[in-house]
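See structure below.
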Amino acid sequence: MHRHKQPIHSFFFFFIMAVSHRLFRIFSPSTAVKNNLSSLLIRSLSSSSHGPSLDPEIDLKEAAAELEKSSSPSSSPSPSKRRNFHWVFLGCPGVGKGTYASRLSTLLGVPHIATGDLVREELSSSGLLASQLKELVNHGKLVPDEFIISLLSKRLEAGKEKGESGYILDGFPRTVTQAEILEGVINVDLVINLKLKEEALLAKCLGRRICSECGANYNVACIDIKGGDDDSSPRMYMPPLLPPPNCESKLITRADDTEEVVKERLRVYNEMTQPVEEFYRKRGKLLEFELPGGIPQSWPKLLRALHLEDDKQSAIA
């Protein structure tokens, strides 16, 4: 079938190639990085996907070049002298990446960047792209690499302008292609892989609620999983996170938090992200942490695993 927009797309292809070439000249990555990114981009652009898909005027080559630009150090030092951590959180949907990444962000003085939040911001906008994106999300599918990288690049660029010099990424990378591109433009220090029993994960996702007025997140699920007869499988108890009285009548459920969609998200995540775990494991950057329960039980143990104290004065330098 003839595509009437083909001439426009051809123009954009050559335009993006020129812009990408210019960005590589400005920021001067090593030849190895250039070759690595080029081969990755060509491979990614030629790959096909299944299920619902987006058709934005966003090219993975353009997105990766923008990530290279936005990840370069700021020309002026941050007045707040924040620590230059580059950490990544991995974990199944609903495991609590946002909760623990946000706490560490406050403790360490670096921004917490959740690609899920970036996608939801885009979903709240109007237009064809948001409509196509909703179809993907509501089917439990992963958003294409080029789109996620483009959103992340814009967020990092905005942070660089404010003097941010580090971050904790939550929800990125989710594919080996994303991990390789990220590794090509910045040295990730640590990857924290949160794990939780699938029974608890499903209950947490189905119990999530959002206040339609203030946007606060709550969870009505009371998770109580009996342990085994030995110490290898202890009881897991996670109390509900209930809303205050002023939010009780305004709670809503996310459209994609149905049992069918949650199970599909977990299946897709395990299929796509297990190779990412192996990618970082081979590089000696992966810290696997099994959540023993709710925040009161898990937070102190996570800090010990990271050799941190819940005191900004005694956090690692």
How long is the gap from [atom1] on [X] to [atom2] on [Y], to the nearest 0.5 Å?
X	Y	atom1	atom2	answer
Ser298	Leu303	OG	CG	11.0 Å
Lys263	Glu259	NZ	CD	4.0 Å
Leu306	Leu108	CG	CG	8.5 Å

side-chain contact (heavy atoms from CB on, under 4.5 Å) evaluation trace for Leu104 with Ile192: CA-CA 12 Å; Leu104 284 172; Ile192 303 164; 4.2 Å; yes
Whether the side chain of [X] engages the backbone of [Y] through a donor-acceptor N/O pair (distance < 3.5 Å, no angle test) should be reported.
X	Y	result
Asp189	His86	yes
Gln297	Gly294	yes
Ser212	Ile252	no
Ser105	Ala101	no
Lys97	Gly91	yes

Tyr237 with Leu291, same ILVMFWY side-chain cluster at under 4.5 Å: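 No, Tyr237 and Leu291 fall in different hydrophobic clusters.
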Establish whether Val220 and Ile210 are linked, either directly or via other cluster members, by ILVMFWY side-chain heavy-atom contacts under 4.5 Å.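 Per the 4.5 Å side-chain linkage, Val220 and Ile210 are not co-clustered.
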Find out whether [X] and [Y] are in side-chain contact, i.e. whether some heavy atom of one side chain is under 4.5 Å from a heavy atom of the other.
X	Y	value
Glu183	Val188	yes
Phe89	Ile168	yes
Val276	Val191	no
Asn270	Cys92	yes
Glu288	Arg281	yes
Lys162	Pro111	no
Leu156	Ile113	yes
Leu286	Phe279	no

I'd like a table of donor-acceptor pairs (distance under 3.5 Å, sequence neighbours excluded) in which one partner is a side-chain atom from residues 194-206, with atom names and distances.
from: Lys204; atom 1: NZ; to: Gly94; atom 2: O; distance (Å): 3.1
from: Lys204; atom 1: NZ; to: Val95; atom 2: O; distance (Å): 3.4

Report the residues that fulfil side chain to side chain contact (heavy atoms under 4.5 Å, CB included) with Ala216, sequence neighbours left out, ordered by chain and then residue number.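 Partners of Ala216 under the side chain to side chain contact (heavy atoms under 4.5 Å, CB included) test: Cys214, Tyr218.
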Enclosure of [X] [atom1] (heavy-atom neighbours >12, cutoff 6.0 Å):
X	atom1	result
Lys285	NZ	yes
Lys301	NZ	no
Glu213	CD	no

List the steps, then state whether salt bridge (charged side-chain N to carboxylate O under 4.0 Å, His left out) holds for Lys160 with Glu157. CA-CA 5 Å; Lys160 189 170 69 171; Glu157 184 65 32; 3.8 Å; yes
Met272 vs Gln178, side-chain contact (heavy atoms from CB on, under 4.5 Å): CA-CA, chis, key distance, verdict: CA-CA 11 Å; Met272 300 294 291; Gln178 292 178 358; over 6 Å; no
Would you sort out whether Leu169 and Thr115 count as a side-chain contact (heavy atoms from CB on, under 4.5 Å), showing the intermediate values? CA-CA 8 Å; Leu169 291 181; Thr115 52; 5.8 Å; no
Decide if the gap between the ring center of His112 and the ring center of Tyr167 is smaller than 6.0 angstrom.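 No; Tyr167 has its ring centre 6.0 Å or more from that of His112.
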Kindly assign one of parallel, tilted or perpendicular to the pair Trp299 and Tyr100, based on the angle between their ring planes and the thresholds 30° and 60°.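 Judged by the thresholds at 30° and 60°, the geometry between Trp299 and Tyr100 is parallel.
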Does Glu264 pair with Arg267 as a salt bridge, N-O distance under 4.0 Å?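 Arg267 and Glu264: salt-bridged.
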Check whether NZ of the Lys or CZ of the Arg Arg265 lies under 6.0 Å from the centre of the six-membered ring of Tyr269 and within 45 degrees of that ring's axis.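 Ring-cation test returns no.
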